[in-house]
Amino acid sequence: MPAISPAAQGKYLLVVLGPTAVGKTALAIKLAHYFGTEIVSADSRQFFKELKIGTAIPLATELEMVAHHFIGNLTIQDSYNVSRFETEALAVIDRILSKKNVAILVGGSGLYINAVCQGIDEMPDADAPLRAQLNADFEQFGIEPLREKLKLLDPLYYSKTDMANHKRIIRALEVCLATGRPYSSFMTHQAKARNFIPIKIGIKREREELNARINRRVDLMIEQGLVAEAHQFLPLRHLNSLQTVGYRELFSYFDGKYTLDEAIDKIKVNSRRYAKKQMTWFAREKEINWFDAAETNKIIDWVKTQLL
RNA sequence: GGGGGGAUACCAGAGCGGUCAAAUGGGGCAGACUGUAAAUCUGUUGGCUAAGCCUUCGGAGGUUCGAAUCCUCCUCCCCCCA
């Protein structure tokens, strides 16, 4: 449970979460409308203003109806991270809660939601040249030397973490090397105090129904011009912001690796997997109150009982 | 009409007498996750009363101590020549 500061008295953050395509946007807007408040997005891909079709940002009419934050606030060229989001999102939430008693956080990026609700430990950002060096080492010599190095610099982390995952090894190493301290020594496992009481609302649907919605949404994205949208960014495909479902598969199509139909099928498959990953992430969180996507009125009624 | 190739688990596809419940890839299912997180990584994938047993490699027979692998016939598919 997150720590609650005295300032949190009577201030609530409604956190709307769930897998992609489940219907979070619609519910969040309904809640925002009902409580007369604003929406903070916790979607790590809707930040990028160029990625419109492929990330299913809210409709223009929806964006007009309710104030949204963190949608299209970055360029795909920007580098961003959870920690910055924590700081910036908290500032916006505080501002909303200075005028209202309820704010809404909505999104599917579990790590980003947790950063807002519980915080993320203080530790250095990635140092670009150092990361580039480590990545180059990985390319050239493989994972084993990196593992050995980490075993020396942070035996605790080494023993507890998946040592097949090069990205995690590299991140740990870059912190160790940049600070001279073991990466694991920065982890407090303590939730930070917040100026609001989070109320987590999980939205779910039957898997089959969710899959059907995903498929339909992908087809719609294609109709809306996703292929052209993705094509513009082909030269920038290496950017982190473009390591995104819907774009990568089309890059492969432009490469001639897939036919268009194959690429579209791949987008559907990868979206389903993304949804499953999100559900796995959320499944381990205890304080989520789950509702069926159709139960909008029930959700509002329930939320009212929580705001005491 | 003649000649040749093939049918393997959800799909594709290897295996060509024992070490095969059957490689590998795809898909499915499950999981991990602290500044790349729509990323990255892991496990599992015939059934069961589960260190053992049972039913599988188009169908039916046969050879053999032993067959997905060899033989015979049948069914279906593909290619080449007419």
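Every chain is numbered from 1 and lettered A, B, ... according to where its sequence line falls, protein lines coming before strand lines. Predicted model, so just to flag it, every value in this text is computed and none were measured.
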* Using a 4.0 Å heavy-atom cut-off across all strands, classify A:Tyr112 as base, sugar-phosphate, or nothing. => sugar-phosphate
* **Closest to side chain of A:Asp125, choosing from B:rA37, B:rG35, B:rC41** => B:rG35
* Asked: Just checking A:Thr55: base, sugar-phosphate only, or nothing, at a heavy-atom cut-off of under 4.0 Å?
  -> base
* To do: With P as the reference atom in both, quote the distance from B:rU75 to B:rG18 in angstrom, rounded to an integer.
  => 31 Å
* Side-chain donor/acceptor of A:Asp162 to base of B:rU42, under 3.5 Å -> no
* Within the structure shown, what part of the strands sits under 4.0 Å from A:Asp43 by heavy-atom distance: base, sugar-phosphate, or nothing? -> base
* Asked: So what does A:Tyr183 touch, heavy atoms closer than 4.0 Å: a base, only the sugar-phosphate, or nothing?
  -> sugar-phosphate
* **Sugar-phosphate only, base, or nothing, as touched by A:Gly54 at under 4.0 Å among non-hydrogen atoms** => base
* Asked: Base, sugar-phosphate alone, or nothing: which one does A:Lys266 contact when heavy atoms must sit under 4.0 Å apart?
  -> sugar-phosphate
* Asked: Which part of the nucleic acid, if any, lies within contact of A:His189, taking any heavy atom under 4.0 Å across all strands shown: a base, the sugar-phosphate backbone alone, or nothing?
  -> base
* Flag the pair A:Arg194 and A:Glu86 as a salt bridge only when some basic side-chain nitrogen lies within less than 4.0 angstrom of an acidic carboxylate oxygen. => yes
* Pairwise C1' distance for B:rU42 and B:rG52, with rounding to whole Å -> 29 Å
* Listed partners of A:Arg95 passing salt bridge (charged side-chain N to carboxylate O under 4.0 Å, His left out), at least two apart -> none
* Asked: Looking for any heavy atom pair under 4.0 Å, which part of the strands does A:Arg45 touch: base, sugar-phosphate only, or nothing?
  -> base
* Candidates B:rG35, B:rA39, B:rA30 - which lies nearest the side chain of A:Ile120 -> B:rG35
Atom pairs and distances, side-chain donor-acceptor, residues 229-236 of chain A, under 3.5 Å, sequence neighbours left out:
unit_1	atom_1	unit_2	atom_2	d
A:Glu229	OE1	A:Ile53	N	3.1
A:Glu229	OE2	A:Lys52	N	3.3
A:Glu229	OE2	A:Ile53	N	3.0
A:Glu229	OE2	A:Gly54	N	3.2
A:Glu229	OE2	A:Tyr247	OH	2.5

* If you look at every strand shown and take non-hydrogen atoms under 4.0 Å, does A:Thr244 touch a base, only sugar-phosphate, or nothing? -> base
* Would you call the rings of A:Phe85 and A:Tyr80 parallel, tilted or perpendicular, where under 30° means parallel and over 60° means perpendicular? -> perpendicular
* Distance in angstrom units between A:Lys167 NZ and B:rG35 C1', rounded -> 13 Å
* Within residues 271-278 of chain A, find the residues that approach RNA chain B with a heavy atom at under 4.0 Å, and present them sorted by residue number. => A:Arg272, A:Arg273, A:Tyr274, A:Lys276, A:Lys277
* Asked: Base, sugar-phosphate, or nothing: which does A:Met123 touch, judged by heavy atoms less than 4.0 Å apart?
  -> base
* Going through the distances and angles, do A:Lys192 and A:Glu122 end up as a side chain to side chain contact (heavy atoms under 4.5 Å, CB included)? -> CA-CA 11 Å; A:Lys192 293 182 191 167; A:Glu122 298 298 324; 3.6 Å; yes
* Is there a side-chain contact between A:Ile201 and A:Leu31 (heavy atoms, below 4.5 Å)? -> yes
